[in-house]
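Step one of this worksheet: look at the structure below.
Keep in mind that the numbers below use all heavy atoms, side chains included, and drop hydrogens, waters and symmetry copies. On a predicted model such as this, the values are computed, not experimentally measured, just so you know.
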Amino acid sequence: MKIYKTNEIKNIALLGSKGSGKTTLAESMIFECGVIKRRGSVDAKNTVSDYFPVEKEYGYSVFSTVFNAEFNNKKLNIIDCPGADDFVGNAYTALGVCDMGLILVDAQYGVEVGTQNIFRTTAKLKKPVIFGINQIDGEKADFDNVMEQMRDHFGPRVVQIQYPLESGPSFHSMIDVLLMKKYEWGPDGGTPTISDIPEDQMEKARELHQTLVEAAAENDETLMEKFFEQGSLTEDEMRDGIRKGLIDRSIYPVVVLSGAKDMGVRRLMEFLGNVCPFVSDMPAPRATTGVEVKPDADGPLSVFFFKTSVEPHIGEVSYFKVMSGTLKAGDDLENISRGGKERLAQIFTVCGQLRTPIEALEAGDIGAAVKLKDVRTGNTLDAKGCEYRFDFIKYPQPKYIRAIRPVNEADSEKLASILTRMHAEDPTWVVEQSKELKQTLVKGQGEFHLRTLKWRIENNDKLPIEFIEQKIPYRETITKAARADYRHKKQSGGSGQFGEVHLIIEPYAEGMPEPDTYKFGNQEFKLNVRDKQEIPLEWGGKLVVYNCIVGGAIDARFIPAIVKGLMDRMEQGPLTGSYARDVRVMIYDGKMHPVDSNEISFRLAGRNAFSQAFREANPKILEPVYDVEVLTPGDTMGDVMSDLQGRRAIIMGMESDNGIEKLSAKVPLKEMASYSTSLSSITGGHGSFTLDFASYELVPSDVQEKLLKEYAATQTED
């Protein structure tokens, strides 16, 4: 393969809902470029994209696949992304390093929730978009209906480049209104017959051509003036106008495809090569310091690693984009992210599992290296003297959490090592060792996402594991003031232990007045504050401690020990052993012994006095509540809402957008454990949701009673 210049390279993310035909289209694209001699199929499990064992087992894409296509002296680097919402992290990665997105829309189902989610992601990242209406030969394909949906959802910027003469199984020809030609295929697709537009289609074609000319002219003042003067533009002028419109997202061209029959694919490749922006056309990315890094082949060498995979019979393969400079095989680079040096002895261009060695790759190009010493996803490697670092890929929040453990406890360390490697391959698999819950948590985008992880660990690494429901990180707090005292006394020969602590506790809130006078029964307590400590808690909220001791009842040197005792109970609340929060404590009296008093005595006295007071202060359990936003087809909205209400959800609002319903709610985390699976079942896989922590709220009294009984039972067992 020749070494392509930066202004000859285009990087494209292939996106779309599950089942929109991306893998099949990718197969036809590389077939048209001569990379493969025979097209595989998803059913036959022999495609270039889906080559991992888990993908063949499940019959759907799990990982993004990098492939390149040389077409008309241009290099197209294309990243084929899984369509299932569970694997959306791949789309974020691909759009991070690509310059535009080709979004496939299934001609049979039109604009789906997944299509909208992907489009929103491209908008957030300001990436150009081309729509491909694929599977136009499907039984239920309806081109006109899909175009109407697209204009409703994405507005007037949606502009046709082509339209089919017929949708459905009889599809075999289309009109291209950019070239003003008719394309026609035989039963096996492939190379089309190109002819003049039939007379009965000319009026429609001219009307759509005029709309396209106007849309192209809008993006350039010179073109606009020429259009007003002459009423038309040349093909090259239209391409320039469309390219500029793509860059600023003022135009979304629409092409027509049957990836399975290889119809329209060659014309798509031409369009991508002639019209899509080159790497050098797009706004330059910025390093973490804010410096703009232009894709200059003569600039300082900087390479960003965006993907890691462990591939059968090969080992670790690291995928990168050359951000600046020219990378040559054998270059020694510094790992700016982790420290240390790395030699890239060999570099490759990639087409699925096919890797071709190459001598060099210029800025903007995408390649791979194998078995690097210490490189992880997200690392930047620079030549000496260059200090660029990149961190522009932001992944979505996890939506599905399970605790994980090996069937054999002796395999715990092995499992931890595997999970670290898996996170490097897919950063949306998030692993957390929870000290609070005493569990290893694996967080992902959905039930399928974690099921895939389990399959790979058990089948590739031969390690049996099990998922269990995560414990909920409840919090404990109090709702009124209470007083308690506790004497710790222990004598066992020699010096003993003695410490007595008197304290008052009450709920803490920001901005509340300083403590003064408290009344319990007929007894009044007037406090004089000598010292104050505010302790922000790692798990949220605060512990505020006041030293109100007068007359030397407790020596000041024992106060830190008492605070340690309070923290013991804040870390393991008296009700359920959960973290406590938002409490303030006034230590106002106590006693000590000249010989037997020591730090441990006052730590135990403080801990037990706090426990007694906490139980008298009308304690409550708080649970984490999340903001949930659900997108669902209109016909399943009622079922989705009913399901949420059964999960103690508070519905906050509803919006409708052309058949797609958006529902906002606040839902306790406890009730979201199986939501990913339920939503998929209710909506036939067409629904999606996001999950963001909102706040801690009081649990209902019946739930609190249940939690108290469950905790008491575990204490009895212990």
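Heavy-atom minimum distance, Ile79 versus Ala94: CG2-CB, 3.8 Å. The minimum heavy-atom distance linking Gln108 with Ala141 is given by the pair CG-N, 3.8 Å. Nearest heavy-atom pair across Val129 and Leu246 is O-CD2, 3.3 Å. Across all non-hydrogen atoms, the minimal contact from Val293 to Ala284 is O-CB, 3.5 Å. Of all non-hydrogen atoms in Lys399 and Thr690, the two that sit nearest each other are CD-CA, 4.0 Å. In terms of heavy atoms, Pro169 sits closest to Gly138 at CD-O, 3.7 Å.
Of the possible donor and acceptor atoms, one in the side chain of Thr115 sits under 3.5 Å from a partner among the backbone N and O of Glu112. A distance-only check finds a donor-acceptor pair linking the side chain of Thr6 to the backbone of Ala363 [under 3.5 Å]. Formation of a donor-acceptor pair under 3.5 Å by the Thr452 side chain with backbone atoms of Phe448 is found in this model. For the pair His209 (side chain) and Val177 (backbone), a donor-acceptor distance under 3.5 Å is present. Proximity of a side-chain donor or acceptor of Ser28 to a complementary backbone N or O of Gly259 within less than 3.5 Å is detected. Listed for the Gln116 side chain is no donor-acceptor partner under 3.5 Å among the backbone atoms of Val111. Under a 3.5 Å cut-off, the side chain of Thr24 and the backbone N or O of Gly21 do not form any donor-acceptor pair. With hydrogens and angles disregarded, a donor-acceptor distance shorter than 3.5 Å links the side chain of Arg157 to the backbone of Arg249. Put simply, the side chain of Asp262 never gets that close to the backbone of Gly189: no donor and acceptor are under 3.5 Å apart. A donor-acceptor contact shorter than 3.5 Å links the side chain of Lys10 to the backbone of Leu272.
Taking Tyr252 as the reference, Phe119 meet the ring pair (Phe, Tyr, Trp, His ring centres under 6.0 Å) condition, with sequence neighbours excluded. With sequence neighbours left out, the salt bridge (Lys or Arg N to Asp or Glu O under 4.0 Å) criterion links Arg239 to Glu235, Asp236. Not counting sequence neighbours, Phe271 has no partner by the ring pair (Phe, Tyr, Trp, His ring centres under 6.0 Å) test. For the salt bridge (Lys or Arg N to Asp or Glu O under 4.0 Å) test, residues two or more places apart in sequence or in another chain that qualify with Lys244 are Asp220.
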Identify each donor-acceptor pair in which a side-chain atom of residues 195-207 lies under 3.5 Å from a protein atom, sequence neighbours left out, and give them as a table.
{"unit_1": "Asp196", "atom_1": "OD1", "unit_2": "Lys181", "atom_2": "NZ", "d": "3.0"}
{"unit_1": "Gln201", "atom_1": "OE1", "unit_2": "Tyr163", "atom_2": "OH", "d": "2.7"}

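Using modelled atom types, one finds no donor on one side chain facing an acceptor on the other under 3.5 Å when comparing Ser688 with Asp85.
Within a 6.0 Å radius of NZ in Lys666, more than 12 heavy atoms belonging to other residues, nucleotides or ligands are found. The number of heavy-atom neighbours closer than 6.0 Å to CD1 of Ile650, taken from other residues, nucleotides and ligands shown, is 12 or below.
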Check the pair Phe143, Phe171 against ring pair (Phe, Tyr, Trp, His ring centres under 6.0 Å), reporting the backbone distance first and the verdict last.
-> CA-CA 11 Å; Phe143 178 81; Phe171 167 76; 9.4 Å; no

Step-by-step salt bridge (charged side-chain N to carboxylate O under 4.0 Å, His left out) determination, Arg286 to Glu292 = CA-CA 4 Å; Arg286 294 185 181 274; Glu292 192 177 79; 3.8 Å; yes

Kindly indicate, with the supporting measurements, whether the criterion salt bridge (charged side-chain N to carboxylate O under 4.0 Å, His left out) is fulfilled by Arg451 and Asp86.
-> CA-CA 10 Å; Arg451 189 202 300 171; Asp86 284 40; over 6 Å; no

Evaluate the criterion side-chain contact (heavy atoms from CB on, under 4.5 Å) for residue pair Glu8 and Lys75; output intermediate values, then yes/no.
-> CA-CA 6 Å; Glu8 298 173 323; Lys75 185 181 182 186; 5.9 Å; no

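Of the inter-residue distances, the one linking Glu184 atom CD with Thr193 atom OG1 reads 6.5 Å to the nearest 0.5 angstrom.
The side-chain hydrogen bond (donor to acceptor under 3.5 Å, both in side chains) pairs that include a residue from residues 124-135 are Asp106-Gln135, where partners are two or more places apart or lie in different chains.
Ring geometry for Tyr92 versus Tyr395: interplanar angle of 30 to 60°, hence tilted. Using the six-membered ring where Trp is involved, Tyr109 and His686 have ring planes that are tilted, between 30° and 60° apart.
Cation-pi contact between Lys321 and Phe306: absent, since separation from the ring centre below 6.0 Å together with deviation from the ring axis within 45° is not met.
No option in Asp365, Asp99, Asn68 other than Asp365 meets the side chain to side chain donor-acceptor pair (under 3.5 Å) test with Asn77.
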